[in-house]
Asks: 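Could you have a look at this structure, given as structure tokens, before my questions?
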Amino acid sequence: MGGPETVAARPVRAADELPELPEATKGKVVLRLAPFPSGALHIGNARMVFLNDYYRRRYDGRLLLVFDDTVGSEEKRVDSELFGVIQEDLRRCGVDVDGVLYKSDRLATHYQWAERVIALGATYVCVCPSELLQANRRAGVACPERTETIEETQALWKRMLSGEFAPGEAVLRLKTDLQGPDPAFRDRVLFRISDLDHPRVGHRWRVWPLLEFSWAVDDIELGITHVLRGKDLVMEDRMERHVWDLLGIRGPPFLHWGLLRVREAKISKSKSYVEVKSGVYDGWADPRTWSLASLVRRGITVDSMRSFTMSFGLSLADIEVPAETLYAENRTRIDPIARRRMFAADPVTLQVEGFPADLISVTLPNHPERQELGDRTLPLSGSFLLARSDVVAHAGETIRLKDLANVELPATIPDSGPVAGTFAGRENRRVPRLQWIPEGHSVSVDLLDLQGQHLVGVAEAALRDAAPGEVLQFERFGFVRTEDDWTPRSSPVRVCYGHP
RNA sequence: GCUCCCGUAGUCUAGUCCGGUCAAGGAUAUCGGGCCUUCGACCCGACAACGCGGGUUCGAAUCCCGCCGGGAGCACCA
């Protein structure tokens, strides 16, 4: 025992496939997903979700959702709202679980195991203040209680359970090598006392296991065959193995992956929590959370998220990937199906002098390559709405109203009121093409951007044809998705920005 | 400081276990060209990498040693 011999993934495999799980038998694999219910699943959690799901499918195995809701701490509180949110996240991501369990239901079992290791003399009840405990750990010095007998430990443990100690006054610690080279591994705490109110079980328990011990118990009790977890938890492997070695148990192998960060996503679970709870953020699907739900809201398909995540495999390197990589993945999926619409943010009216009076409408395809997606007809009058930034950027130039006509723009653009342009023919010229909306036939649009700001703009009336949750492309602007709770009858049309 | 993990092009990744088929494959980005009436898509092309130093070997991205760099842990959080 000792060294954290992370099980190496078998590289024997076909192209595009992840390594085999060691000692895995089809139909017999049991995996577990163990989120802490303090926030929605976000892009950083995606590996945990999709890798476990991948192997469950590959081996026709079972996947348990086990909420890691030991009581937490003042800073990390369990919030019962998240039990439902997380399950909904998984459902939305097409991840089926074969059972939902709660750590907080399993304390009696954890206690039984505690008694087994206590009876082995492998533990002691330590009453040092935590600062002293930590100082001794660093120094490799034993606390006085370390020499207590099994009987004394058993008695103290009973007193912990019966409520004779206040939080912080006593903990159950595992005896490891105090001279061991890794200070992090010396005599770790197995159980501590907490008075925090638990949203599911209230104050029923005061003595709570720490994550490592609870998993040493539950990975065995639940018959988990492979533990797939982030590499931030490698020391927990050692702890679990240490406990199993004590009891002569052969536990499951562990596989890890490194930390995945998306460059643009500065994820702070605690900040998100505060902002969502206070209403500053628009729920757990606010784009600023980078939650999986928020990505769905932005029109990023689950399939895109899955292949994005899986492309990193089981690499142990900590990586930072630009969001563009995810967007590129998504574009391959949505570009062929997204209907095109024209949108103008902060619109300005352009009145085109000399616009042909007989040109009363134009019919444009909904998609440049796929005729089967249909078309729409825009009525024309010579008066158009364009994005102010476009008009300003091309002042004094000849531009082309995309798919329609060329227009000379004046050299100066007034701060308010209409802009007067001059018709310059309909032939297809290689000049900047700007999207436009016929005035009098527009719908207003409320676009939620990635900073949580609402952008106001206009779009062509055909945008009303969109279904809630439809992914569209605003030409020269980017992909958007209509909000789920928007209805075609209501105004403005509400969309969430996706990506370029 | 101690422990562990990681180090292939700008960013990811395949290959490393079992050395030769790797004068290193793919994706993405960037640049150039083509095409479609989008700043989007598609097609073609280009650029670009084995952290450094020793060693073993006929042969090293792959094995060994040393170093350097990055990350994580050293919580009565998960």
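FYI, side chains are in, hydrogens and waters are out, and symmetry mates aren't considered; it's all heavy atoms of this structure. Each chain gets a letter, A, B and so on, in the order its sequence line appears, and its residues count up from 1.
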Asks: Assert yes or no for the condition that the ring centre distance of A:Y327 to A:F479 is strictly below 6.0 Å.
Replies: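 Centroid distance A:Y327-A:F479: not below 6.0 Å, so no.
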
Asks: Find every protein N or O atom lying less than 3.5 Å from an N or O atom of nucleotides 29-34 of chain B, and list the pairs.
Replies:
| unit_1 | atom_1 | unit_2 | atom_2 | d |
| --- | --- | --- | --- | --- |
| B:A29 | OP1 | A:E324 | OE2 | 3.0 |

Asks: Could you tell me which residues satisfy ring pair (Phe, Tyr, Trp, His ring centres under 6.0 Å) with A:H198, sequence neighbours excluded, listed by chain and number?
Replies: A:W208

Asks: So what does A:L434 hit on the nucleic acid, given a heavy-atom distance under 4.0 Å: a base, only sugar-phosphate, or nothing?
Replies: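 Nothing, no nucleic acid heavy atom in range.
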
Asks: In dot-bracket, 5' to 3', how would RNA chain B read with Watson-Crick or G-U wobble pairs under 3.5 Å, [ ] for crossing ones and | for pairs to another strand?
Replies: (((((((..((((......[....)))).(((((.......)))))....(((((..]....))))))))))))....

Asks: Using whole Å, what does the distance between atom P of nucleotide B:U38 and atom CG of A:D335 come to?
Replies: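 Atom-to-atom, A:D335 to B:U38, this comes out as 12 Å.
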
Asks: Centroid-to-centroid, A:F355 to A:F384, below 6.0 Å?
Replies: yes

Asks: Could you pull out the protein-nucleic contacts involving nucleotides 11-13 of chain B (nitrogen or oxygen on both sides, under 3.5 Å)?
Replies:
| unit_1 | atom_1 | unit_2 | atom_2 | d |
| --- | --- | --- | --- | --- |
| B:U11 | O3' | A:E320 | O | 3.2 |
| B:U11 | O2' | A:E320 | O | 3.3 |
| B:C12 | OP1 | A:E320 | N | 3.3 |
| B:C12 | OP1 | A:E320 | O | 3.2 |
| B:C12 | O5' | A:E320 | O | 3.4 |
| B:U13 | OP1 | A:S315 | OG | 2.9 |

Asks: Without decimals, in angstroms, what is the distance between A:R261 CZ and B:G70 P?
Replies: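 So the CZ-P distance, A:R261 to B:G70, works out to 14 Å.
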
Asks: A:D232 CG to B:A78 P: how many Å, rounded?
Replies: 13 Å

Asks: Over how many whole Å does the gap from A:Q134 atom CD to B:C76 atom C1' extend?
Replies: 9 Å

Asks: CG of A:L260 versus C1' of B:C6: gap in Å, rounded?
Replies: 15 Å

Asks: Given the P atoms of B:G51 and B:G70, what is the spacing between them in whole Å?
Replies: 16 Å

Asks: What does A:D390 touch in the nucleic acid at a heavy-atom separation under 4.0 angstrom: a base, only the sugar-phosphate, or nothing?
Replies: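 Result for A:D390 = base.
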
Asks: Between the protein and nucleotides 61-66 of chain B, list the N/O to N/O atom pairs that are separated by less than 3.5 angstrom.
Replies:
none

Asks: Could you check, using the six-membered ring where one of them is a Trp, whether A:W157 and A:Y124 have ring centers closer than 6.0 angstrom?
Replies: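 No, they do not, as the ring centres are separated by 6.0 Å or more.
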
Asks: Can you check whether any acceptor in the base of B:U28 is under 3.5 Å from a donor in the side chain of A:E329, or vice versa?
Replies: no

Asks: Heavy atom of residues 361-376 of chain A under 4.0 Å from RNA chain B: which residues?
Replies: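 Residues of residues 361-376 of chain A under 4.0 Å from RNA chain B: A:P368, A:E369.
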
